[in-house]
Number of protein chains: 2
Amino acid sequence: MSKLPARIRLADAAFALFDERGYEQTTVDDIAERAGLGRTTFFRNYRTKEDVIFPDHDRLLALIRDRLATSSHSTALVAVSDAVRLVLLHYVDEGDLARRRYALTSKVAALRDREIASVGRYQRLFREFIADWMGGPTESASLRAELMAAAVVAAHNHVLRRWLRGESSDPVAEVDEAMREVLALFPAPGSSPEPGGTTVVAFRTAQDIDTLLPSLRRLVEDGAEH
Amino acid sequence: MSKLPARIRLADAAFALFDERGYEQTTVDDIAERAGLGRTTFFRNYRTKEDVIFPDHDRLLALIRDRLATSSHSTALVAVSDAVRLVLLHYVDEGDLARRRYALTSKVAALRDREIASVGRYQRLFREFIADWMGGPTESASLRAELMAAAVVAAHNHVLRRWLRGESSDPVAEVDEAMREVLALFPAPGSSPEPGGTTVVAFRTAQDIDTLLPSLRRLVEDGAEH
DNA sequence: CAAGCTATGGCACTGAGTGCCGCAAGTAAA
DNA sequence: TTTACTTGCGGCACTCAGTGCCATAGCTTG
């Protein structure tokens with residue numbers, strides 16, 4: 001027995017103790033002792049005490065980076081939406097572990113900060129990818145890239161949190177729906193007019209402008225209702 | 001001489017040492033010694049070593065919270081856009097200090113994480129405000145609130161970073177412009193047609209349609225470029 | 001003058017994280 | 001089998017951030 005690799009035994013001990021006494025009340029010595037290992041071994045497997053909770057953020061981040069680098073999508077936003085799916089799937093695969101981590105990060109401010117900082121790295125990656133994809137470092141393109149990255153991450157977090165709280169039974173479908181909503185916020189140029197853009201309609205009529213106005217007003221008001 | 005309050009002397013000493021040796025190479029003892037004060041006094045004035053760089057995030061956050069609580073705007077998004085202006089103005093007022101902080105956070109990962117975590121608190125505040133304002137905890141309203149909060153914060157960060165890097169001479173005008181862009185992403189129902197709607201433009205000219213087409217085409221294509 | 005308040009310094013302690021040394025077990029090569 | 005090399009582990013001493021307690025100097029208020 002106890003043939004499990006040290007990494008696993010340490011993580012098990014850590015989560016058990018965090019549940020029992022709380023995160024701050026648990027020392028690394030406690031964890032090592034519970035795992036039947038030395039303190040040194042803990043730090044050889046996890047760089048910090050927090051790392052035992054967030055073991056593979058670096059690995060996942062690298063995975064996403066690769067996915068983006070080798071992605072062939074029509075737009076940057078679609079590529080990023082696709083990549084962020086991977087993140088969600090990773091959490092969902094973790095299952096109960098992800099939920100235990102969520103319970104901890106909800107209670108401990110230091111862990112919440114750590115989580116947010118990790119998310120910030122994804123967002124930065126996305127922002128740079130979108131900005132590169134857009135090519136010219138125009139000022140408005142840069143802002144656009146920032147907004148897009150933020151929107152994708154926000155949508156992902158929204159769905160993820162719902163799933164972590166047990167409010168969602170099909171997070172994959174939800175994230176797809178959320179991404180559709182994000183895409184709708186940023187209509188692709190050429191496919192449909194941009195929100196801030198200009199729609200040019202040329203028409204000609206024999207009627208006077210004053211005759212047209214009432215019906216035009218009705219049209220606009222009806223349109224505003226849905 | 002050295003009649004300055006301890007807080008100031010400590011901050012001056014800290015920034016000087018961070019510039020000279022770097023953040024990690026500077027201990028709290030070093031800072032206290034340089035300021036001609038005791039270590040205890042440092043921790044009485046700043047809770048942590050990082051706090052000497054981010055002194056009044058809590059105060060600013062409280063200020064924003066108040067501003068939101070007492071705000072009377074037509075929509076939640078406008079209220080939040082207005083509140084985030086305060087944050088930008090705060091940084092701009094700090095002037096050179098904010099730039100020195102930016103130089104540090106750009107180099108030291110721990111400080112960058114801390115900064116991102118702080119921003120996360122603003123975003124959370126905004127998200128909750130918008131969600132409350134929207135009333136019914138509809139699922140789609142919740143996602144919308146998340147997207148709006150993320151967009152406002154992203155736009156703010158974009159302008160702030162430009163200013164911190166010295167790329168902007170009028171950040172206040174830029175943030176207003178950026179906020180207009182954010183507002184355009186989330187058209188208020190009823191106030192203006194939705195992105196999928198129809199823009200009606202009535203005009204009249206003596207010129208033939210074929211004469212107009214080339215210049216119209218140029219207009220549209222230029223518009224797509226920026 | 002006495003009492004009390006405030007700002008400070010000193011000191012000892014906990015706990016995270018680092019670095020080094022040494023040891024045991026397994027593996028490959030002689 | 002013996003030697004040499006590698007790998008995983010434990011122990012130990014150290015630095016440094018952060019906490020808590022106690023003492024003291026200076027100033028105000030009665």
Side-chain angles (χ1 to χ4, degrees), chain A residues 1-18 20-55 57-58 101 104-105 107-115 117-118, chain B residues 1-18 20-55 57-58 101 104-105 107-115 117-118:
Chain A
M1 52 176 300
S2 92
K3 279 290 158 73
L4 287 167
R7 255 187 97 79
I8 310 292
R9 277 158 62 198
L10 286 166
D12 286 347
F15 271 92
L17 286 169
F18 293 162
E20 289 174 20
R21 320 179 192 172
Y23 178 79
E24 276 128 346
Q25 284 66 45
T26 303
T27 73
V28 172
D29 284 290
D30 295 337
I31 301 171
E33 190 187 353
R34 166 79 66 111
L37 292 167
R39 192 180 123 92
T40 308
T41 303
F42 179 92
F43 282 109
R44 247 192 292 265
N45 283 274
Y46 300 100
R47 282 188 313 202
T48 70
K49 184 181 165 188
E50 294 173 358
D51 258 13
V52 76
I53 306 184
F54 309 97
H57 252 141
D58 286 348
R101 185 190 303 128
L104 283 173
T105 55
K107 288 193 172 91
V108 184
L111 298 179
R112 184 168 45 241
D113 286 356
R114 162 73 184 260
E115 176 75 30
S118 293
Chain B
M1 45 168 283
S2 92
K3 280 285 155 76
L4 287 167
R7 253 188 100 79
I8 310 291
R9 277 157 64 196
L10 285 165
D12 286 346
F15 272 92
L17 286 168
F18 293 162
E20 288 174 20
R21 322 181 190 170
Y23 178 79
E24 275 129 347
Q25 284 66 45
T26 303
T27 72
V28 172
D29 284 291
D30 295 337
I31 301 171
E33 190 187 353
R34 166 78 66 111
L37 292 167
R39 195 178 120 91
T40 308
T41 303
F42 179 91
F43 282 111
R44 247 192 293 266
N45 283 275
Y46 300 100
R47 282 188 313 204
T48 70
K49 183 180 164 187
E50 293 173 358
D51 259 13
V52 78
I53 306 183
F54 309 97
H57 251 140
D58 286 349
R101 185 190 303 129
L104 282 173
T105 54
K107 287 191 169 81
V108 183
L111 297 180
R112 185 166 46 241
D113 286 357
R114 162 74 185 259
E115 176 75 31
S118 293

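Model, not experiment: these values are computed from the prediction. Reckoned from all heavy atoms, side chains included, excluding hydrogens, waters and symmetry mates. Letters go in sequence order (proteins before strands), and every chain restarts at 1.
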Self-check item: Pairwise distance CG(B:Asp51) to CG(B:Asp58) - rounded to 0.5 angstrom
Solution: 7.5 Å

Quiz item: Of all the choices, C:dG17, D:dT19, D:dG10, which nucleotide is nearest to the side chain of A:Leu37 once you look at every atom?
Solution: D:dG10

Quiz item: What does nucleotides 19-27 of chain C look like as a protein-contact string, B for base, S for sugar-phosphate only, - for none, at under 4.0 angstrom between heavy atoms?
Solution: ---------

Quiz item: In whole angstroms, how far is the P atom of C:dG9 from the CD1 atom of B:Ile31?
Solution: 14 Å

Quiz item: Can you check the B:Arg47 CZ to D:dG20 C1' distance for me, whole Å?
Solution: 17 Å

Self-check item: Between C1' of C:dT6 and CZ of B:Arg7, the distance in whole Å
Solution: 16 Å

Quiz prompt | For B:Thr26, all residues meeting side-chain contact (heavy atoms from CB on, under 4.5 Å), sequence neighbours excluded | solution = B:Leu17, B:Phe18, B:Arg21, B:Asp30, B:Ile31

Quiz prompt | Distance in Å, A:Glu115 CD paired with A:Phe54 CZ, rounded so as to fall on 0.5 Å steps | solution = 5.0 Å

Quiz prompt | Distance in angstrom units between A:Arg39 CZ and C:dA16 P, rounded | solution = 7 Å

Practice problem: Give, for atom CG of A:Leu111 and atom CD1 of A:Ile53, the distance between the pair rounded to the nearest 0.5 Å. | Solution: 4.5 Å

Practice problem: Search all heavy atoms of B:Ala6 against all heavy atoms of B:Leu37 and return the closest pair with its distance. | Solution: CB-CD1, 3.7 Å

Quiz item: Does any pair with a residue in residues 33-49 of chain A pass side-chain hydrogen bond (donor to acceptor under 3.5 Å, both in side chains), and if so which ones, sequence neighbours excluded?
Solution: A:Glu20-A:Arg34

Self-check item: Whole-Å gap separating P (D:dT15) and CG (B:Asp30)
Solution: 13 Å

Practice problem: Take the protein atom CD of B:Glu33 and the nucleotide atom P of C:dG9, then report the distance between them rounded to whole Å. | Solution: 12 Å

Quiz item: Could you give the CZ-to-P distance, from B:Phe42 to D:dG18, as a whole number of Å?
Solution: 8 Å

Quiz prompt | First of A:Glu24 and B:Thr41 reached from the 5' end of DNA chain C, by closest nucleotide | solution = B:Thr41

Practice problem: Could you check how far OH of A:Tyr46 sits from P of D:dC9, rounded to whole Å? | Solution: 12 Å

